[in-house]
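This report concerns only the one structure given below.
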There are 2 protein chains.
Amino acid sequence: MPDHTPPRRRLADDSAEAPAIAASTPLPAASSGNGARPDPPWGASVDHDGLDGDTRDAFGPLDVRSDRRVPEATVARLPIYLRCLVEVADAKVVTISSERLAEMAGVNAAKVRKDLSYLGSYGTRGVGYDVEYLLVQISRVLGLTQDWPVVIVGIGNLGQALANYRGFAARGFRIAALVDADPSKVGESVGGLAVRSLDDLPEIVAGQNVAIGIIATPAGVAQDVADRLVAAGITSVLNFAPTVISVPPGVSIRKVDLSIELQILSFYQQRRESGRPVDDVPAGDLPTAGAPVEASEGLTL
Amino acid sequence: MPDHTPPRRRLADDSAEAPAIAASTPLPAASSGNGARPDPPWGASVDHDGLDGDTRDAFGPLDVRSDRRVPEATVARLPIYLRCLVEVADAKVVTISSERLAEMAGVNAAKVRKDLSYLGSYGTRGVGYDVEYLLVQISRVLGLTQDWPVVIVGIGNLGQALANYRGFAARGFRIAALVDADPSKVGESVGGLAVRSLDDLPEIVAGQNVAIGIIATPAGVAQDVADRLVAAGITSVLNFAPTVISVPPGVSIRKVDLSIELQILSFYQQRRESGRPVDDVPAGDLPTAGAPVEASEGLTL
DNA sequence: TAGATTGTTAATCGATTAACAATC
DNA sequence: TAGATTGTTAATCGATTAACAATC
């Protein structure tokens, strides 16, 4: 069986610029022993970007760019792989094949290999991927080796639920502050934090170096809140308000829209009920999965 | 200016099989007068599916299938368009151009036209789309002309927030029941509903004809809950638990994963901070939008 | 060596978008 | 008629996936 040797690394390394792996506990993985990651022979083979051939791509074959472009769809799947890896690491599994990882993540094995290949050559042919090592690499690529303070704006039902959500802290997203426009809410304690005024935003963002803002307000004020967040220096926004908001270039935005998800389900449900062909099962953010995952992580959502 | 006449309809109509437009109030739009929709001349031009040519598609040109295939990406955008239309309808605007709708939805105008063309020819050249009419058509396609009872499983922080979320009912998703496995929670009242036992699931689903289930439990029990939902007869699942769950074919599943969204933001944030080229701004479910939407709908999320 | 499994290629598919004829 | 705007085409782009040579 697999005579496991630490995987070689082929791509140019960008860890020089990347933040050092923090001693804090950014990942659940930290508790499952990621200090013991294999120590691969750095620079064993100093070759270029691996793109040799007719691939339609802007990189010339000599362009050793540390910032390999990672497709958007791949970025969105990396957190899933990470979660699966944490799970198998907790079970003390040392190596994992793309096949098994794919099964757990609910995707195609070829997709897993392709996705991971954007990060570098972290597998070993005939063996698989070293779980701990891959886990650390994905964490690094995702920027999870550092702590990200976040601010939540809008402390209604959802804001409070988010403030109490343990899964954020468990993944290195520390809630730095809760903010609300309603004076009657300011000062109230939620999840161990005192709610602060919307006017304190600039001070909070600057003082605690907050880069990520979460909008959990009613739709009507979401754009205004977004503007204030951006003005205060926030450059990543997660929007839960059921409205489209716009941000200037250079600011990232993602949205989570509860009603929209239900409406999408409604579409496919209706098709089924009216006896239509229902070509494909619908459309998760990720496909329907195929694995009997027996999840661990004691999250009390 | 636009001499507005009711838009013609070109595609084969499938309203024969589709549920009748309910008299209930499935949409906020109901309150803005959608009873007054224009009455287009049905069957004016009886033509086929419009797919004539070399498009790689399974439909033969003579195959008048009522169930036009709507691309997944389009389905995911229809709820956004709908929301924008409700907003302009409330402002008593009668027609809207693809350009304006695109601006509001934060997408490309060509995309709006292409998306809407999958539903039929509901616009009028030189004029635009009749707001109320388009609104009704999108609602119908999405299955929002009927009421969808939903059951929420897991009444923790998030489950309670969801139970109190007014946006669901406002869009025709009636919360039929709240369910939890914890006996100490059963009987408790949340958002005006008594929490029921997980064991009551079959009875609830059958008795109230529930098709959609929402999982808001910890990851560890999510798969088991999904299995029970499916066994009880649920065929659409919205999963908030941070784990991949699998369901049999014929059951739809979508997921909302809070931590994953933050991790994706972290990726792009890190790229920016480390002075990388940051080719593209990241990756919302929908793009970054471009419109100063001043939202209405008084949702108290 | 034989078996296993990666990393990459290339085919294919689906989604996006500019452009423009159709037509109000 | 002139201006506006749709609906559709076709080019392009990005994502998926089977297949297989490389190699452990």
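Numbered from 1 within each chain, the chains take letters A, B, ... in sequence-line order.
In this structure, A/Tyr122 and A/Leu116 have side chains that are not in contact, with every pair of non-hydrogen atoms separated by 4.5 Å or more. In this structure, the side chains of A/Val94 and A/Asp130 come closer than 4.5 Å at one or more pairs of heavy atoms.
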Strand DNA chain C as a dot-bracket string - pairs counted if Watson-Crick or G-U with both distances under 3.5 Å, | where the partner lies in another strand
..||||||||||||||||||||||

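One interatomic measurement links the two molecules: NZ of A/Lys111 to P of C/dT5, which rounds to 21 Å at whole-angstrom precision. The nearest whole Å value for the distance from the CG atom in A/Leu119 to the C1' atom in C/dT8 is 15 Å. Distance, A/Leu116 CG to C/dT5 C1': 13 Å, rounded to whole Å. To the nearest angstrom, P of C/dT17 lies 14 Å from CD of B/Glu99. Taking atom CD on B/Gln137 and atom P on D/dT6, their separation rounds to 17 Å, with Å as the unit. For the pair B/Glu72 CD and D/dT16 P, the interatomic distance rounds to 11 Å; values are reported in whole Å.
Taking every side-chain heavy atom of B/Ser117 into account, D/dT8 is the closest of C/dG7, D/dT5, D/dT8.
When the side-chain nitrogen and oxygen atoms of B/Ser98 are compared with OP1 and OP2 of D/dT6, one or more of them lie within a distance under 4.0 Å. Applying the 4.0 Å criterion to OP1 and OP2 of C/dG7, one finds that A/Tyr129 has a side-chain N or O inside that range. Listed pair B/Tyr118 / D/dT8 fails the phosphate criterion, with no side-chain N or O lying under 4.0 Å from OP1 or OP2.
Partners of B/Ser266 by side-chain hydrogen bond (donor to acceptor under 3.5 Å, both in side chains), not counting sequence neighbours, listed by chain and number: A/Trp148.
In terms of heavy atoms, B/Asp257 sits closest to B/Thr243 at OD2-N, 4.5 Å.
One finds the CD atom of A/Glu132 at 8.5 Å from the NZ atom of A/Lys92 (value rounded to the nearest 0.5 Å).
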Detail all sub-3.5 Å separations between protein N/O atoms and N/O atoms belonging to nucleotides 18-22 of chain C.
{"residue": "C/dA18", "atom": "OP2", "partner": "B/Asn108", "partner atom": "ND2", "Å": "3.2"}
{"residue": "C/dA19", "atom": "N6", "partner": "B/Arg113", "partner atom": "NH2", "Å": "3.4"}
{"residue": "C/dA22", "atom": "N3", "partner": "B/Arg125", "partner atom": "NE", "Å": "2.8"}

